[in-house]
Peer 1: 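One structure is given below, represented as structure tokens, and several questions about it will come after.
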Amino acid sequence: MKLRTEKGLRQKDLSAILSLSPSSISNYEKDEYWPDLNTICKMADYFNVTTDYILGRTEYRCPPEILDKYVTKDYMIHNIVNTLLTLDSDSINAAVNYVNYLKENHNKVMVKPTAGRPENVRKTSAHPGQHQKSSKNNKTTGT
């Protein structure tokens, strides 16, 4: 099961989480048996996917309520989707390429030290050419 291995779980681990025997998990993964409705719901809840994804009826993993999740203080996932839907195909491809770039390089870009102080070097997901200031240099206003 792709979801199980993505979480780094063994069949034995998942069977304990779902209160099933390890052989049941093995049989589900070999398509010898199908889980009952209650087990499908437990799996969907545990892996945070839809039951339709578990059943192979869709490739969409995310439950619809994930669209209302905030990704920043003022921006929700559905805002991103709606923005993408307004773009032309070249812009959509550029956005997808940039997202893939960020995913592949997450925490790999190093900020250059300021004034030769290595303690200011830290991992960041900033786009190349954008440098973030060290938290030592940022003053808080208490707001």
Side-chain angles (χ1 to χ4, degrees), residues 1-20 24-143:
M1 174 183 271
K2 182 179 179 180
L3 295 170
R4 176 181 62 77
T5 56
E6 283 177 3
K7 283 206 178 251
L9 297 173
R10 299 172 299 172
Q11 288 180 346
K12 181 179 177 180
D13 301 327
L14 184 58
S15 68
I17 291 165
L18 299 175
S19 301
L20 299 168
S24 291
I25 301 296
S26 176
N27 287 333
Y28 299 155
E29 291 183 6
K30 291 190 266 180
D31 286 331
E32 291 180 8
Y33 297 101
W34 277 92
D36 61 34
L37 185 57
N38 186 44
T39 302
I40 291 170
C41 291
K42 283 182 184 179
M43 288 176 173
D45 290 343
Y46 178 75
F47 292 111
N48 196 30
V49 297
T50 63
T51 54
D52 277 352
Y53 183 79
I54 296 283
L55 294 170
R57 293 174 42 100
T58 183
E59 293 181 26
Y60 300 111
R61 296 171 69 145
C62 300
E65 56 271 9
I66 198 80
L67 294 172
D68 289 330
K69 181 179 177 185
Y70 280 93
V71 291
T72 66
K73 184 180 131 203
D74 299 319
Y75 219 67
M76 298 171 105
I77 292 175
H78 75 263
N79 298 121
I80 295 169
V81 172
N82 288 338
T83 300
L84 282 172
L85 292 173
T86 66
L87 301 175
D88 61 71
S89 62
D90 288 340
S91 297
I92 291 171
N93 287 332
V96 169
N97 288 338
Y98 184 66
V99 168
N100 285 329
Y101 166 82
L102 291 174
K103 180 181 174 185
E104 292 170 9
N105 294 295
H106 180 70
N107 289 331
K108 290 183 182 177
V109 178
M110 298 295 287
V111 174
K112 293 180 182 178
T114 57
R117 297 189 324 221
E119 69 272 11
N120 288 335
V121 176
R122 64 183 185 135
K123 289 182 178 181
T124 180
S125 59
H127 186 274
Q130 292 179 342
H131 300 285
Q132 296 178 355
K133 293 181 182 178
S134 167
S135 59
K136 289 182 179 183
N137 297 330
N138 293 338
K139 304 262 185 202
T140 58
T141 59
T143 55

Peer 1: If you look only at distance, which donor and acceptor atoms sit under 3.5 Å apart when one is on a side chain in residues 32-47 and the other is two or more places apart or in another chain?
Peer 2:
| unit_1 | atom_1 | unit_2 | atom_2 | d |
| --- | --- | --- | --- | --- |
| Asp36 | OD1 | Asn38 | N | 3.2 |
| Asp36 | OD1 | Thr39 | N | 2.7 |
| Asp36 | OD1 | Thr39 | OG1 | 2.8 |

Peer 1: Looking at Tyr53 and Thr58, what are the two nearest heavy atoms and their distance?
Peer 2: CD1-O, 3.5 Å

Peer 1: Got a list of side-chain donor-acceptor pairs under 3.5 Å for residues 88-95, not counting sequence neighbours?
Peer 2:
| unit_1 | atom_1 | unit_2 | atom_2 | d |
| --- | --- | --- | --- | --- |
| Asp88 | OD1 | Asp90 | N | 3.0 |
| Asp88 | OD1 | Ser91 | N | 2.9 |
| Asp88 | OD1 | Ser91 | OG | 3.3 |
| Asp88 | OD2 | Ser91 | OG | 3.2 |
| Asn93 | ND2 | Ser89 | O | 3.3 |

Peer 1: Once you round to the nearest 0.5 Å, how far does CD1 of Ile17 lie from CG of Leu9?
Peer 2: 5.0 Å

Peer 1: Is there a side-chain contact between Tyr101 and Asn97 in this structure, where contact means two heavy atoms from C-beta onward sitting under 4.5 Å apart?
Peer 2: no

Peer 1: Please list, one pair per line, the donor and acceptor atoms closer than 3.5 Å that link side chains of residues 67-77 to other protein atoms, with sequence neighbours excluded.
Peer 2:
| unit_1 | atom_1 | unit_2 | atom_2 | d |
| --- | --- | --- | --- | --- |
| Thr72 | OG1 | Tyr75 | N | 3.1 |
| Tyr75 | OH | Thr83 | OG1 | 3.2 |

Peer 1: Supply the atom-to-atom distance Leu14 CG to Ser24 OG, rounded to the nearest 0.5 angstrom.
Peer 2: 10.5 Å

Peer 1: Residues in side chain to side chain donor-acceptor pair (under 3.5 Å) with Thr50, at least two apart?
Peer 2: none

Peer 1: List the residues meeting side chain to side chain donor-acceptor pair (under 3.5 Å) with Asn48, not counting sequence neighbours, and say none if there are none.
Peer 2: none

Peer 1: Please list all pairs passing the side-chain hydrogen bond (donor to acceptor under 3.5 Å, both in side chains) test where one or both residues lie in residues 3-14, with sequence neighbours left out.
Peer 2: Arg4-Glu29, Glu6-Arg61, Arg10-Asp13, Gln11-Glu29

